[in-house]
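Residues: numbered from 1 along the sequence shown.
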Amino acid sequence: MKQLNKLKKHKELLFEFQCGLERETLRISKDGKLSQKPHPIALGSPLTHPYFSTDFGEAQLEWNTPPLSSFVKAKKFLHDLMAYAAQVNSNELFWPYSMPCELNDNIQIARYGSSNAAREKELYRKGLCYRYGKKLQMISSLHFNFSFSQSFWDFFYDLSGSKKSMQSFINDSYFKIIRNFLCEGWLLTYLFGASPAMHESYIDKIPQGFTKKGNTLIHPDATSIRMSYLGYYSRIQDQLTISFKDLDSYLKDMKFAISTPCPLYQKIGTMKNGEPLQINDHFLQIENEHYARIRPKRNLHKGESPLSALKTRGVEYLEVRAIDINPFDPLGLTKDQFLFLHQFLLYCLLKESSTLNEEIRCSLIGNQQKVALLGRQKGLLLQCHKPIPLQEWAARIFKHMEPISHLLGPAYVSNLNQEQAKLKDASLTPSAQVLKALKNETLEAFGLKWAKKHQKEWKSVSPNKIKRLDQTVLTSLQNKQALETASEVLLEGHETLELSTQILMKEALKHGIEVEVLDPSDNFIRLKKGEHIEYVKQATKTSQDTYIASLLMENKHLTKVLLREHGFSTPDSHLYHSIDEAYQDYPLYEKKKIVVKPKSTNFGIGITFVKAHDKKGYHDALKEAFQHGYSILVETFHSGKEYRFLVIDEKVEGVIYRIPAHVIGDGIHTIKELVHLKNHDPSYYRHSRIQLRLTKVEIEKLRSQRLTPNSILPKNKKVFLRENSNVSTGGDAIDVTDDIHPSYFDIATAATKAIGAKICGLDILLSFPHQAATQKNHSIIELNFNPVLYFHAFPNEGKKRNVAEPVLKLLGFK
């Protein structure tokens, strides 16, 4: 501990850290039975709530604090979470003990909803059932997360004289703590172990050394059944050698474990009768399955795995998992335990550390098992190169910790002395105190008594805190719904593809068609079933449409010429190749409303509606249109509402009515806020490319209505942000397929056939959509190649249409 003397002048850095707590518990009824009720809706969604979650079981509640700068703040935050949970879920109690209450066939794995993320979490837990059994997973604990501040590392890095990068130095330092913790962390099990007994229902056969008292199994020398081979333990994982030499070695071994099949788990299989049994048959399904008393961690970015986060950005904090719930404390962890953990982690940092070779690894596993089941046995020998009494080794650790406690201050000195007293008098340990209580009562009665006592001790939560927690509950439920909405649309693993392509791929996979993404940036896929192969781009560009048909539809002017030749009604329009030429013809349009658009474009790009007698607006519209093409069209505006007809293989598969981008006031939020709320409405998945925006176009539209983005609209007042109704610019799609007069279906299919297209999106203005078509009550605005499937499959309102299936049928797969 050479650095200790140099730290004396900067001891304030030792108190610059962040810590957080993860506390698990079983929800029980007032008579001590495992709750059969679902996770309380009053605590929000366990999938998306930042503080209230579930572990393995539906009845296994978990509280998570954020990283905080002191033990006092962490304890206060956890207290408020637990008190809030007790308040909104007052008909149940929290089991105060690490080993579970009575367990029968009443264990339900945690439920998270219907989203992709939820299904993944549930499948992982299903795999745990087959691998380890449900009962083991119902053990609860308290995890202590800890990290030193950047200021601390800056000083410590300079002190070390390391030539490595700062993050590499931090990684090495945290791994040094881990190695020392694994070697000597058994001391925490002795000092804080609090599970020397278990309910008989937890295990089928009474293990050696245990005696039965009523329905309670007791070991007289045990400290922590949870930390023994009877608790959270896997012999299979013991066969894995996960190196803690450094980050690279750790990542390599973990990658092997999550990518290598395990013969025992291969016997379980991954599917049975079409139902998945586990994520995979590897040694570890995912990284979190690795059982370790302490783990290196990194906060995750969206879509990032734990290993990739560590590889990319290094270790951020440590997760200490070797702590039993203290049944005598409402939070499950006392202030004294906090103080000791702090100085013990410092001790592990400052102490020299050697590589954990196979011999040391085996001995540290053996030492942990001995202390967990025999820790208070007099004369217990541990292995440290040679046999050594527990008391002697522990005294050596305490002696080396003394300078650290003196540096930290009187409270830490007192704490160290208090914990050291447990070496001379084992009756002071929590495990001994639990056994003392169990002389007069069963584990069930003991747990129920302390659960009731803790519930009475919760102090009230401040109104402001309750208000904030109420809001996080609401937000979590909205976020869960948003995930479920997105998961209905998105194809897991291919979320970056455009939406229509994902819809087609989902439908293809449903019908047993092989799907291969050839070029994700171009949304180019290959579909294969048997010998039949088709290539598709962006869902609706297929071999069934000729190249010339797409070119005809792309040319808006030529499309109208051909449609008129076939007797279809289209708006009057003129083609211009220069802005001056178009500007000179303004007198032709001065007295009527017109539409200015590029000759060849999709998705409403460059389209402007110009009112009568608006010469400046006309000039601006010309400039806008010429920015998106070399030629433009000026069309007479046709009254009526615009509808999009989707035609596939001479049949109308869907019709949507498109409403221009708009918001509806609530008397509270500004237009800018309403735009944000609509874009993030959890009931509808709105990709970033089709969200409402406040560009110069929308702001000008607001200005024409004497509004700004900061205006607050009266309740129920609808304000449009655009003239054009394209969904790609924020418009809403309403399915009206069943409400349109069938005569328009005939017009749509005939117009598509006239161009020679198999897949087409027609934009038609209808004055009276419920009445039969005449030459004057409708007008075909555009024919579009590569029409979007998404708006028909998932409209904002109305019936969802399976428009992917007819595409597959057209391609010969049905």
**Nearest-0.5 Å distance, CD of residue Glu289 to CG of residue Leu284** = 5.5 Å
**Short side-chain to backbone donor-acceptor contact, Ser405 and Glu402, under 3.5 Å** = yes
**Prompt:** If we only count heavy atoms from C-beta on, is the Gln481 to Asn479 side-chain gap below 4.5 Å?
**Reply:** no
**Request:** With side chain to side chain contact (heavy atoms under 4.5 Å, CB included) as the test, would you mind laying out the steps for Thr25 and Gln60 before giving the verdict?
**Result:** CA-CA 6 Å; Thr25 193; Gln60 195 170 28; over 6 Å; no
**Over all atoms of both residues, closest heavy-atom pair of Ser195 and Ser98** = CB-CB, 4.4 Å
**Prompt:** Between Asn171 and Gly314, is there a donor-acceptor pair closer than 3.5 Å when you use the side chain of the first and the backbone of the second?
**Reply:** no
**Request:** Begin with the C-alpha distance, continue with both residues' side-chain angles, and end with the deciding distance and a verdict on side-chain hydrogen bond (donor to acceptor under 3.5 Å, both in side chains) for Ser427 and Asp425.
**Result:** CA-CA 5 Å; Ser427 67; Asp425 185 357; 2.5 Å; yes
**Asked** Counting N and O atoms only, with roles assigned by atom type, does the side chain of Lys176 sit under 3.5 Å from a partner on the main chain of Leu349, one being a donor and the other an acceptor?
**Response** yes
**Request:** Evaluate side-chain hydrogen bond (donor to acceptor under 3.5 Å, both in side chains) for Arg321 paired with Ser141, printing each intermediate quantity in order.
**Result:** CA-CA 8 Å; Arg321 299 157 50 83; Ser141 64; over 6 Å; no
**Complete:** Between Leu187 and Phe344, the two heavy atoms sitting closest are CD2-CE1, 4.3 Å
**Message:** Between Arg313 and Glu304 (salt bridge meaning N to carboxylate O under 4.0 Å), is one present in this structure?
**Reply:** yes
**Request:** With the side chain counted from C-beta on, respond yes when Arg376 and Ser431 share a heavy-atom pair under 4.5 Å apart, and no when they do not.
**Result:** yes
**Request:** Report yes or no: is the cationic atom of Lys465 (NZ for Lys, CZ for Arg) closer than 6.0 Å to the six-membered ring centre of Phe77, at no more than 45° off its axis?
**Result:** yes
Side-chain donor-acceptor contacts of residues 88-95 below 3.5 Å, not counting sequence neighbours, with atom names and distances?
from  : atom 1 : to    : atom 2 : distance (Å)
Asn89 : ND2    : Glu92 : OE1    : 2.8
Glu92 : OE1    : Arg27 : NH1    : 2.7
Glu92 : OE2    : Arg27 : NH1    : 3.2
Glu92 : OE2    : Ser35 : OG     : 2.4
Trp95 : NE1    : Tyr97 : O      : 3.4
Trp95 : NE1    : Met99 : O      : 2.8

**Prompt:** Is a side-chain donor-acceptor pair under 3.5 Å present for Lys73 with Ser69?
**Reply:** yes
**Asked** Taking the six-membered ring for Trp, are the ring centroids of Trp450 and Phe328 within less than 6.0 Å of each other?
**Response** yes
**Request:** Mind checking the CG-CD1 spacing from Asp55 to Ile109? Nearest 0.5 Å is all I need.
**Result:** 12.5 Å
**Prompt:** Can any side-chain N or O of Ser115 pair as donor or acceptor with the backbone N or O of Leu483 at less than 3.5 Å?
**Reply:** no
**Message:** Below 30° counts as parallel, above 60° as perpendicular, anything between as tilted: where do the rings of His342 and Phe15 land?
**Reply:** perpendicular
**Item:** Between Phe146 and Phe71, ring centroids under 6.0 Å
**Value:** no
**Request:** On the 0 to 90° scale, with breaks at 30° and 60°, tag the Phe340-Phe192 ring pair as parallel, tilted or perpendicular.
**Result:** perpendicular
**Request:** Output yes when a side-chain donor or acceptor of Asn679 lies under 3.5 Å from a complementary backbone atom of Gln691, and no otherwise.
**Result:** no
**Message:** With no hydrogens and no angle check, just 3.5 Å: does a side-chain donor-acceptor pair link Gln87 and Trp458?
**Reply:** no
**Request:** For the residue pair Gln150 and Asp154, confirm or rule out a side-chain donor-acceptor distance under 3.5 Å.
**Result:** yes
**Interatomic spacing from CD in Gln369 to CH2 in Trp186 - rounded to 0.5 Å** = 15.0 Å
**Asked** How are the rings of Trp153 and Tyr174 set relative to one another: parallel (under 30°), tilted (30 to 60°) or perpendicular (over 60°)?
**Response** perpendicular
**Request:** State whether the side chain of Arg179 and the backbone N or O of Lys245 hold a donor-acceptor pair below 3.5 Å, judged by distance alone.
**Result:** yes
**Asked** Hey, are the side chains of Leu21 and His143 touching, using non-hydrogen atoms and a 4.5 Å cut-off?
**Response** no
**Request:** To the nearest 0.5 angstrom, please state how far the OG atom of Ser228 sits from the CD atom of Gln368.
**Result:** 9.0 Å
**Request:** Heavy atoms only: give me the nearest Gln433-Leu428 pair and the separation to one decimal.
**Result:** NE2-O, 3.1 Å
**Atom pair CG/CG of Leu333 and Asp324 - distance to nearest 0.5 Å** = 11.0 Å
**Fill in**
Heavy-atom nearest pair, Pro196 first then Ile225, reads C-CD1, 3.6 Å
**Message:** For Tyr112, does the six-membered ring have the charged nitrogen or CZ of Lys121 within the cation-pi criterion, i.e. under 6.0 angstrom from the centroid and within 45° of the normal?
**Reply:** yes
**Asked** So how far is it from Leu346 CG to Leu341 CG, rounded to the nearest 0.5 Å?
**Response** 11.0 Å
**Item:** Glu22 side chain reached by Trp63 side chain, heavy atoms, under 4.5 Å
**Value:** no
**Request:** May I ask you to check whether Tyr250 and Phe175 place their ring centers less than 6.0 Å from one another?
**Result:** yes
**Prompt:** With a 4.5 Å heavy-atom cut-off, do Leu61 and Glu24 have their side chains touching?
**Reply:** no
**Prompt:** Short question: side chain of Thr334, backbone of Gln337 - any donor-acceptor pair under 3.5 Å?
**Reply:** yes
**Asked** How close do Pro100 and Ile139 get, heavy atom to heavy atom, and via which atoms?
**Response** CD-CG1, 4.0 Å
**Asked** Is the shortest distance from a Lys or Arg side-chain nitrogen in Lys422 or Glu419 to a carboxylate oxygen in the other one below 4.0 Å?
**Response** yes
**Request:** Could you give me the CA-CA distance, side-chain angles and deciding distance for Glu319 and Ile294, then say whether side chain to side chain contact (heavy atoms under 4.5 Å, CB included) is met?
**Result:** CA-CA 5 Å; Glu319 180 188 43; Ile294 184 170; over 6 Å; no
**Asked** So Thr475 and Thr472, side-chain hydrogen bond (donor to acceptor under 3.5 Å, both in side chains) or not? Walk me through it.
**Response** CA-CA 5 Å; Thr475 301; Thr472 60; over 6 Å; no
**Asked** Under 3.5 Å, side chain of Gln18 to main-chain N/O of Leu68, donor-acceptor pair present?
**Response** no
**Prompt:** Can you tell me if Asn180 uses its side chain to pair, donor with acceptor, with the backbone of Cys348 under 3.5 Å?
**Reply:** yes
**Prompt:** Under 6.0 Å between ring centres, would you say that holds for Phe148 and Phe17?
**Reply:** no
**Request:** With side chain to side chain contact (heavy atoms under 4.5 Å, CB included) as the test, would you mind laying out the steps for Thr670 and Val675 before giving the verdict?
**Result:** CA-CA 9 Å; Thr670 66; Val675 165; over 6 Å; no
**Request:** Give the minimum heavy-atom separation between Leu182 and Leu364, together with the two atoms involved.
**Result:** O-CB, 3.7 Å
**Asked** Would Cys183 and Ile360 count as a side chain to side chain contact (heavy atoms under 4.5 Å, CB included) if you check the C-alpha gap in whole Å, the side-chain angles of each, and the deciding distance to 0.1 Å?
**Response** CA-CA 8 Å; Cys183 287; Ile360 294 175; 4.1 Å; yes
**Complete:** Residues at least two apart in sequence or cross-chain that pass side-chain contact (heavy atoms from CB on, under 4.5 Å) with Ser305, listed by chain then number, are Glu287, Leu307, Ser308
**Message:** Tell me whether His79 contacts the main-chain N or O of Lys75 through its side chain, where contact means a donor paired with an acceptor under 3.5 Å.
**Reply:** no
**Request:** Give the C-alpha distance, both sets of side-chain angles, the deciding distance and a yes or no for side-chain hydrogen bond (donor to acceptor under 3.5 Å, both in side chains) between Tyr84 and Asp470.
**Result:** CA-CA 10 Å; Tyr84 178 87; Asp470 284 344; 2.5 Å; yes
**Pairing of Lys76 and Asp80 as salt bridge, 4.0 angstrom limit** = yes
